[in-house]
Amino acid sequence: MSSEIKNDYIDWLEKAIAEEYFNYYKYSNFEGRKYIGGESFGNVYCVNMKNTDTIFALKSFNIKFNLKEVVNKIKLHKRVDFHRNILQVYGITRMESDTIHQANEYSLVLEYADSGTLETYLKKHFNELNWDDKYQLALQLASAVECIHNLDIIHHDL
């Protein structure tokens, strides 16, 4: 990616933060970072907001992701932010350093799911769930997938 195009995406991120398109959280306000999983995009960490009992998930981006993909992921998340079965995006944070911004320095600040991913939850609790519980989970998942597909969004990790 050329530096001019990269700068366009940095400018978009900085403008979106300045115009409060989404919240910006100072990375130094988080503590207790604990790895909870990873996928093709990068890693997910559980963090606490300092001096509060608020827990968030930070979704980082692998170095292979360029700023265009980070910006697109933010825009996609914002389009489905209204759906109750899709984790909410609270904002973005950036590793605070003196170096030029890189895609892997940005992380989405997301709603924390204390039971982990649906896959993890089902592996651990499937036999404990009755058929009504399983039906409700399937219905919620189908509702979320229908929502993203109605918006012409394809989830790549299902």
Side-chain angles (χ1 to χ4, degrees), residues 9-10 12-27 29-50 52-95 103-158:
Y9 288 106
I10 291 172
W12 184 92
L13 283 170
E14 297 301 328
K15 182 179 179 186
I17 291 166
E19 293 180 1
E20 298 179 353
Y21 176 67
F22 46 79
N23 293 324
Y24 177 77
Y25 294 87
K26 287 183 68 173
Y27 189 82
N29 287 336
F30 298 115
E31 62 186 2
R33 189 174 113 160
K34 182 177 87 173
Y35 176 81
I36 56 175
E39 295 179 15
S40 61
F41 60 81
N43 296 314
V44 179
Y45 300 91
C46 172
V47 294
N48 296 335
M49 178 67 77
K50 283 184 181 177
T52 73
D53 59 357
T54 306
I55 301 172
F56 293 105
L58 294 185
K59 182 189 238 184
S60 68
F61 297 94
N62 283 332
I63 192 73
K64 70 177 184 172
F65 271 75
N66 61 42
L67 279 174
K68 178 181 178 183
E69 291 168 319
V70 172
V71 167
N72 287 339
K73 203 146 200 49
I74 291 167
K75 289 177 179 179
L76 290 175
H77 270 284
K78 291 300 288 179
R79 288 178 56 203
V80 297
D81 224 14
F82 64 90
H83 198 283
R84 67 186 209 132
N85 299 121
I86 298 175
L87 292 178
Q88 301 298 294
V89 176
Y90 293 122
I92 192 168
T93 189
R94 181 174 45 85
M95 295 286 288
N104 65 331
E105 293 180 352
Y106 290 95
S107 295
L108 293 181
V109 180
L110 301 167
E111 176 182 356
Y112 174 68
D114 61 355
S115 297
T117 65
L118 178 59
E119 179 183 14
T120 302
Y121 179 80
L122 290 175
K123 282 181 180 177
K124 187 174 181 180
H125 299 285
F126 189 79
N127 292 329
E128 302 165 18
L129 299 172
N130 64 40
W131 281 107
D132 188 52
D133 295 332
K134 293 173 186 176
Y135 172 77
Q136 289 301 319
L137 286 171
L139 191 61
Q140 291 170 13
L141 179 61
S143 173
V145 170
E146 179 183 37
C147 172
I148 64 174
H149 284 205
N150 284 341
L151 293 169
D152 294 323
I153 299 170
I154 299 171
H155 193 294
H156 67 279
D157 288 327
L158 284 179

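For clarity, every value in this text was computed on a predicted model and none was experimentally measured. Side chains included, hydrogens not; waters and symmetry mates left out as well; all remaining heavy atoms used.
Taking CD1 of Ile36 as the reference point, atom CG of Asp114 lies at 10.0 Å (rounded to 0.5 Å). To the nearest 0.5 Å, atoms OG1 (Thr54) and CG (Asn29) are separated by 11.5 Å. If you take NE2 on His149 and CD1 on Ile154, they are separated by 6.0 Å, rounding to the nearest 0.5 Å.
When all heavy atoms are compared, the tightest approach of Ile86 to Glu111 is O-OE1, 4.2 Å. Across all non-hydrogen atoms, the minimal contact from Gly91 to Phe22 is CA-CB, 4.3 Å. Of all heavy-atom pairs between Ile17 and Tyr24, the closest is CG2-CB, 3.4 Å.
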Stepwise side chain to side chain contact (heavy atoms under 4.5 Å, CB included) check, Ile92 with Tyr25: CA-CA 6 Å; Ile92 192 168; Tyr25 294 87; over 6 Å; no

Audit row: Leu122, Leu137, side chain to side chain contact (heavy atoms under 4.5 Å, CB included) steps and yes/no: CA-CA 10 Å; Leu122 290 175; Leu137 286 171; 3.9 Å; yes

Tyr45/Phe30 under ring pair (Phe, Tyr, Trp, His ring centres under 6.0 Å): CA gap, chis, key distance, verdict: CA-CA 11 Å; Tyr45 300 91; Phe30 298 115; over 10 Å; no

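Applying the 6.0 Å contact sphere to CD of Glu119 captures no more than 12 heavy atoms from other residues, nucleotides or ligands. Atom CD of Glu128 has more than 12 neighbouring heavy atoms from other residues, nucleotides or ligands inside a 6.0 Å radius.
Between Val44 and Leu110 the shortest side-chain heavy-atom distance does not fall below 4.5 Å. Residues Ser143 and His83 are in side-chain contact: their nearest non-hydrogen atoms beyond the backbone lie under 4.5 Å apart. Under the 4.5 Å side-chain criterion, counting only non-hydrogen atoms from C-beta, Glu14 is in contact with Arg94. Counting heavy atoms from C-beta on, the side chains of Tyr27 and Leu58 come closer than 4.5 Å. Within the 4.5 Å cutoff, the side chain of Tyr112 has no heavy atoms near those of the Asn48 side chain. Using a 4.5 Å cut-off on side-chain heavy atoms (C-beta onward), Val71 and Tyr106 make no contact.
Judged purely by atom type and a 3.5 angstrom limit, Asn43 has no side-chain atom pairing as donor or acceptor with the backbone of Ser60.
In this structure, Lys134 is positioned above the aromatic face of Trp131, its NZ or CZ under 6.0 Å from the six-membered ring centre and within 45° of the axis.
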Validation: residues 74-82 side-chain donor-acceptor distances under 3.5 Å, sequence neighbours left out:
residue, atom, partner, partner atom, Å
His77, NE2, Lys59, NZ, 3.2
Arg79, NH2, Leu151, O, 2.5
Asp81, OD1, Val89, N, 3.0

